[in-house]
Amino acid sequence: MRDFDLLQPKTLTAALDALAPNDPATRPLAGGTDMIVDIRSGRAAPTALVSLQEVAELRGIKRENGTLQIGAATTLAEFLTHPDLAHQALYQAAYNFANPMVRNLATIAGNINSASPAGDMLPPLLVLDAQIELVSKSGTRLVALDQFLLGPRKTVRRADEVIASIRIPALRPQSPVSTGFYKLGLRQADAISIISVAVRLERDGDTIRDVRIALGAVAPRPIRATGAEAVLRGQPFSENALKESARIAAQECAPIDDLRASANYRRRMIQVYVRRMLEQTWNKTL
Amino acid sequence: MNPKLISLTINGSTHQVALSPNTTLLHALRDLGHTDVKSGCEKGDCGACGVLIDGVVVNSCLLLAWLAENKELVTVAGLGTPDKPHPLHKAFVDLGAAQCGYCIPGMILSAKALLDQHPQPTDEQIRESLSGNLCRCTGYVRIFEAVRVAAQELGSTLPE
């Protein structure tokens, strides 16, 4: 593996000091499950890594005024055991994430920062309106995940910033809400998505009060299917409405042919799984 | 970059070893003679390099050795000896779960991590726990059975 320096700050202040020169070749290191592979393959060529593994401020999950604050260093394994992370979509995405060994190392901030078009945790976080807390020596900013992601492996994060936490806003009180996630892979574990779908659905009697749909692995970055959402929002539930929404979702995405699947297959599967996830989340609010 | 003297605690013994920052735990362990830790894909897909770090099973190919300092590392050889094998060792031998054997150290450590958390695992939990360990010989049936047998054996020796 190519040569690099490794810094091991014990505090967030020390980590931000190390990144302060804003040098793109000095990279923060979280779980390393992408970074080490990327360095070995030559895709990443940092001159220095700043390990965040010993920075206590990036750990832990708490609720403040209803907002869930997930520490950047929270591992994917923790998503399967922490009682406060009981959003079904997040749980399901974590359960389908890589494999148990990788989940013990990989962090939520690492998955977000990698900004893969197929990043498993991104569609659920998009439908949950997640915000990314970025900190640097010059201050803190909150960026909606939808604005944070720019394209394949491109985000708005500057080289002197680290992701400190992920914020998920509180649910509206008394709303029957359900979330769901489905990952279509070539196998159950150790797979990269062919497509993925996340849905958050809020119900009011027989009406879909609000719905968010996010699609993975069918565009340069995970996307919201806003047209598919719009035809359902405020409408009475019906099988035909779900079918129409799924049809629009398949039009809104921009998949490519690659070794996992053809663009055509991906579009067809978006249509199938958007409809199924809408049906499933609706039924769960009953 | 310059090597640093790192203290690694492996199967109960502590070693001082000079390592460069880009050395993965996998290669640090193998260079120290712990060749029961296998090098497979070096991408986190195959699980052959599995080790327990403070009881948690991880891919040693994805962790820089410096970051494993002052943690308890356990390899498959640390679970027992030929005279006093761990019930997982014994079950894998008794059931003929190994063919070429390359994946077995990682398999056993994944199973160990599972049984520490869930002494009476469901079939689904066993399959899930082994889902990051690839075997290209066996078809997994005997490996799965060996974990089930070891769980029963460990369960029967638990204090009342």
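Just so we're on the same page: letters track the sequence lines, and every chain starts at 1. Quick caveat: nothing in here was measured; it's all calculated off a predicted structure.
Within the 4.5 angstrom heavy-atom criterion, only side-chain atoms of B:Leu64, from C-beta onward, approach chain A. In this structure, chain B has a heavy atom under 4.5 Å from the side chain of A:Leu49, while its backbone stays farther away. Contacts of A:Leu6 with chain B are made by both backbone and side-chain atoms, with heavy-atom separations under 4.5 Å. Only the side chain of B:Ser110 comes within contact range of chain A, with heavy atoms under 4.5 Å apart. Heavy atoms closer than 4.5 Å to chain B are found in the side chain of A:Ser51, but not in its backbone. For a residue to count as touching a neighbouring chain, one of its non-hydrogen atoms must lie under 4.5 Å from one of that chain's; by this rule A:Thr81 does not touch chain B.
Side-chain N/O atoms of B:Ser131 and A:Asn99 include no donor and acceptor closer than 3.5 Å. With 3.5 Å as the limit, one finds a donor-acceptor pair spanning the side chains of A:Glu133 and A:Ser165. Of the N and O atoms on the side chains of B:Thr9 and B:Thr14, at least one donor lies less than 3.5 Å from an acceptor on the other residue. Counted by atom type alone, A:Ser116 and A:Arg153 present zero donor-acceptor pairs between their side chains at under 3.5 Å.
Note: A:Gln8 leads A:Met1, A:Arg2, A:Gln188, A:Gln8 in heavy-atom pairs under 4.5 Å with chain B. Ranked by heavy-atom pairs under 4.5 Å with chain A, the first of B:Val58, B:Leu109, B:Thr24, B:Ile53 is B:Val58. Of the residues considered (B:Lys43, B:Glu42, B:Lys4), B:Glu42 shows the highest number of contacts with chain A, using heavy-atom pairs under 4.5 Å. Between chain B and the residues A:Arg40, A:Gln53, A:Met35, the largest count of heavy-atom pairs under 4.5 Å involves A:Arg40. Ranked by heavy-atom pairs under 4.5 Å with chain B, the list A:Leu29, A:Leu105, A:Asp34, A:Ile39 is led by A:Leu105.
When side chains are defined from C-beta on, B:Trp66 does not count as touching B:Thr23, because their heavy atoms never get closer than 4.5 Å.
A salt bridge links B:Asp123 with B:Arg148: at least one charged nitrogen is closer than 4.0 Å to a carboxylate oxygen. In summary, A:Arg103 and B:Glu128 engage in a salt bridge, as defined by a charged side-chain N under 4.0 Å from a carboxylate O. The pair A:Lys137-A:Asp17 counts as a salt bridge, with a side-chain nitrogen and a carboxylate oxygen less than 4.0 angstrom apart.
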